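Shown next, in structure tokens, is the structure this report addresses.
Residue numbering restarts at 1 for every chain, and letters A, B, ... go by the order of the sequence lines. Remember, predicted model here, so these are calculated numbers, not experimental data.
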Protein chains: 2
Amino acid sequence: MNKIPSSASKLSFERPLVTVDVVIFAIQNEQFTVLLTRRPAVSSDPFPGLWALPGGFLDVLQDHTLLDCAIRKLKDKTGVETSYLEQLGSWGGDKRDPRGWSVTQAYFALINVKQEIDQKQVRGSTETAWFAVDDALRKRLAFDHTQILSAAIDRVRSKVEYTSLPAFLMEEAFTLPQLQRVYEVVLGRPMDKSAFRRRMLDADFLEAVGLIDGSLGRSAMGYRIKNRVTAVTFPRTFRASE
Amino acid sequence: MNKIPSSASKLSFERPLVTVDVVIFAIQNEQFTVLLTRRPAVSSDPFPGLWALPGGFLDVLQDHTLLDCAIRKLKDKTGVETSYLEQLGSWGGDKRDPRGWSVTQAYFALINVKQEIDQKQVRGSTETAWFAVDDALRKRLAFDHTQILSAAIDRVRSKVEYTSLPAFLMEEAFTLPQLQRVYEVVLGRPMDKSAFRRRMLDADFLEAVGLIDGSLGRSAMGYRIKNRVTAVTFPRTFRASE
DNA sequence: ATAATAGTGTCTCTCAGACACTATTAA
DNA sequence: TTAATAGTGTCTGAGAGACACTATTAT
């Protein structure tokens with residue numbers, strides 16, 4: 001590989017700042033929530049004291065790829081190593097960061113909080129907190145993070161209509177009624193039990209792992225995801241009618 | 001706005017190279033085609049003489065946003081000013097460009113060649129050519145452009161199953177049989193005329209603009225797109241059966 | 001009239017919604 | 001036995017595929 005630039009004119013172009021932000025979603029107390037971090041209160045930093053999406057500068061020495069960088073940010077803030085992580089998009093311009101032309105690569109992650117979050121694992125001392133997504137949207141966030149968050153919520157809600165994405169928000173093993181509640185929480189509307197069950201089971205992405213006792217009523221079958229890498233696409237959207 | 005960096009340590013991080021690439025699709029001779037450009041044959045440049053996607057460095061002085069940059073690249077290569085342009089994704093890593101850590105923001109464009117391409121408008125002297133998408137995929141392309149092209153084709157083909165995207169490949173006014181042919185070319189399979197027409201007309205994104213005479217047979221109604229900004233999503237996928 | 005193309009009518013099949021029904025558990 | 005929850009069966013309606021039918025045009 002020839003590392004010596006010949007067309008030095010091009011390589012000496014001014015380069016924009018490059019960051020990676022991760023929109024981290026989870027279900028908490030039957031609510032669809034997102035993790036935010038507070039910007040340092042140092043007034044010389046941009047947007048001091050405001051809430052922002054977790055993220056930061058790409059480190060060309062540490063990160064081999066963009067995805068590596070997103071995984072690192074996720075781990076730093078939550079201790080979570082494994083989750084569903086998908087590229088959301090890029091936002092770049094000369095106005096979005098007062099420090100200069102900047103591009104951010106946004107990812108979104110779906111994690112299950114119960115088993116994974118371990119505050120001792122979380123690096124750094126930045127303040128972080130979970131917010132219901134609609135509350136987070138109403139806040140004034142740093143940079144163009146409201147726009148990015150809004151795009152992430154739209155993406156997730158629209159995919160939830162026709163994919164098995166919400167399963168990645170569940171702690172395994174989970175039951176179909178639990179999964180249905182998560183679909184309902186994310187979409188904000190009730191669903192028919194019978195149609196829901198038929199759809200999930202017909203899609204053939206779940207594996208039964210034995211009965212789970214609830215505190216009340218009949219025990220339910222527990223399931224786990226057959227393949228944790230990708231979500232399954234259903235043949236139709238929910239609520240094709242109306 | 002405070003332009004003086006306080007946390008200078010962060011801003012002095014080494015910054016990656018940032019480029020924008022555009023996958024430009026069109027229909028030519030009843031084929032689904034993509035535009036490629038040839039890398040300069042100078043051996044000091046990476047991938048000399050290979051075919052590549054049109055694109056290049058972001059110019060922080062000229063481009064106000066990423067989209068601006070994509071629009072500029074599209075115009076430089078084709079002279080096209082208006083078309084459907086959608087963000088495809090980002091590819092970044094320390095290995096993809098021999099000159100160092102680089103990130104590319106990929107977009108895809110759907111244009112209609114007939115009315116728009118004007119070679120006199122095309123800037124620069126780089127060689128460009130249109131290839132059937134499957135031929136382009138089989139070539140050895142520069143960088144990771146085969147991967148990017150493949151993602152673009154997948155994205156378009158999958159969206160064509162449930163959106164009005166192909167309408168953006170048409171010169172207005174067009175007829176429903178012409179539009180159907182484009183769907184068939186992109187998807188590579190025949191479709192039923194009656195179901196196709198019902199679907200397009202029910203989706204209510206077309207506006208009749210009067211009969212168009214073909215050379216042979218009955219004249220067909222001409223249509224144009226009501227709203228050229230976004231594609232319409234159909235309630236179901238084509239070929240729900242099978 | 002014929003060939004060629006545009007456009008319609010109608011049957012069937014699949015699958016989602018609605019909703020009433022049965023099954024299992026703990027108190 | 002009752003309350004609470006899990007899970008099933010069956011009807012209906014919407015919409016896509018299949019395909020035969022009619023309509024309009026140039027020769």
Worksheet item: Sub-3.5 Å donor-acceptor pair from the side chain of B/T163 to the main-chain atoms of B/T233, do we have one?
Response: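 No, B/T163 side chain to B/T233 backbone: no donor-acceptor pair under 3.5 Å.
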Worksheet item: With no hydrogens and no angle check, is any side-chain donor or acceptor of A/T104 less than 3.5 Å from a backbone partner on A/A106?
Response: no
Worksheet item: Is B/R189 paired with B/E161 through a side-chain N to carboxylate O contact shorter than 4.0 Å?
Response: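 Looking at B/R189 together with B/E161, the answer is yes, because their closest N to O distance falls below 4.0 Å.
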Discussion item. Between B/R138 and B/D135, does any side-chain N to carboxylate O distance fall below 4.0 Å?
Written reply: yes
Under 3.5 Å, which donor-acceptor pairs do the side chains of residues 144-151 of chain B form with other protein atoms, sequence neighbours left out?
unit_1 : atom_1 : unit_2 : atom_2 : d
B/D144 : OD1    : B/R96  : NE     : 3.2
B/D144 : OD1    : B/R96  : NH2    : 2.8
B/D144 : OD2    : B/R96  : NE     : 2.7
B/H145 : ND1    : B/L53  : N      : 3.0
B/H145 : NE2    : B/D21  : OD2    : 3.3
B/Q147 : OE1    : B/W91  : NE1    : 3.2

Worksheet, complete the sentence: Its contact letters, B for base, S for sugar-phosphate only and - for none at protein heavy atoms under 4.0 Å, make nucleotides 21-27 of chain D read --BBB--
Report the distance from atom [atom1] of [X] to atom [atom2] of [N], rounded to the nearest whole Å.
X	N	atom1	atom2	result
B/Q178	C/dT5	CD	C1'	12 Å
A/M221	C/dT25	CE	P	11 Å
A/L179	D/dT5	CG	P	18 Å
B/D202	C/dT8	CG	P	12 Å
B/L187	D/dG17	CG	P	11 Å
B/R197	C/dG9	CZ	C1'	13 Å
A/L176	D/dT5	CG	C1'	14 Å
B/F234	D/dG17	CZ	P	11 Å

Under 3.5 Å, which N/O atoms of the protein pair with N/O atoms of nucleotides 10-12 of chain D?
none

Worksheet item: Picking from B/I212, B/V209, B/L206, B/N112, what satisfies side chain to side chain contact (heavy atoms under 4.5 Å, CB included) with B/F174?
Response: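 Per the side chain to side chain contact (heavy atoms under 4.5 Å, CB included) rule, the option paired with B/F174 is B/L206, out of B/I212, B/V209, B/L206, B/N112.
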Fill in: Touch class at under 4.0 angstrom, heavy-atom based, for B/M191 against every strand present
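Contact class for B/M191: none.
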Item to complete: Please list, chain by chain and in numerical order, all residues satisfying ring-ring contact (aromatic ring centres under 6.0 Å, His included) with A/Y107, sequence neighbours excluded.
Response: none
Worksheet item: Which comes earlier along DNA chain C counting from the 5' end, the contact point of A/F196 or that of B/Y223, where each point is its nearest nucleotide?
Response: B/Y223
Discussion item. I need the full list of salt bridge (charged side-chain N to carboxylate O under 4.0 Å, His left out) pairs touching residues 200-209 of chain B, with sequence neighbours left out, sorted by first then second residue.
Written reply: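 Of all non-adjacent pairs touching residues 200-209 of chain B, those that pass salt bridge (charged side-chain N to carboxylate O under 4.0 Å, His left out) are B/D204-B/K226, B/E207-B/R224.
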Worksheet item: What pairs of residues pass the side-chain hydrogen bond (donor to acceptor under 3.5 Å, both in side chains) test when at least one of them lies in residues 22-32 of chain B, not counting sequence neighbours?
Response: none
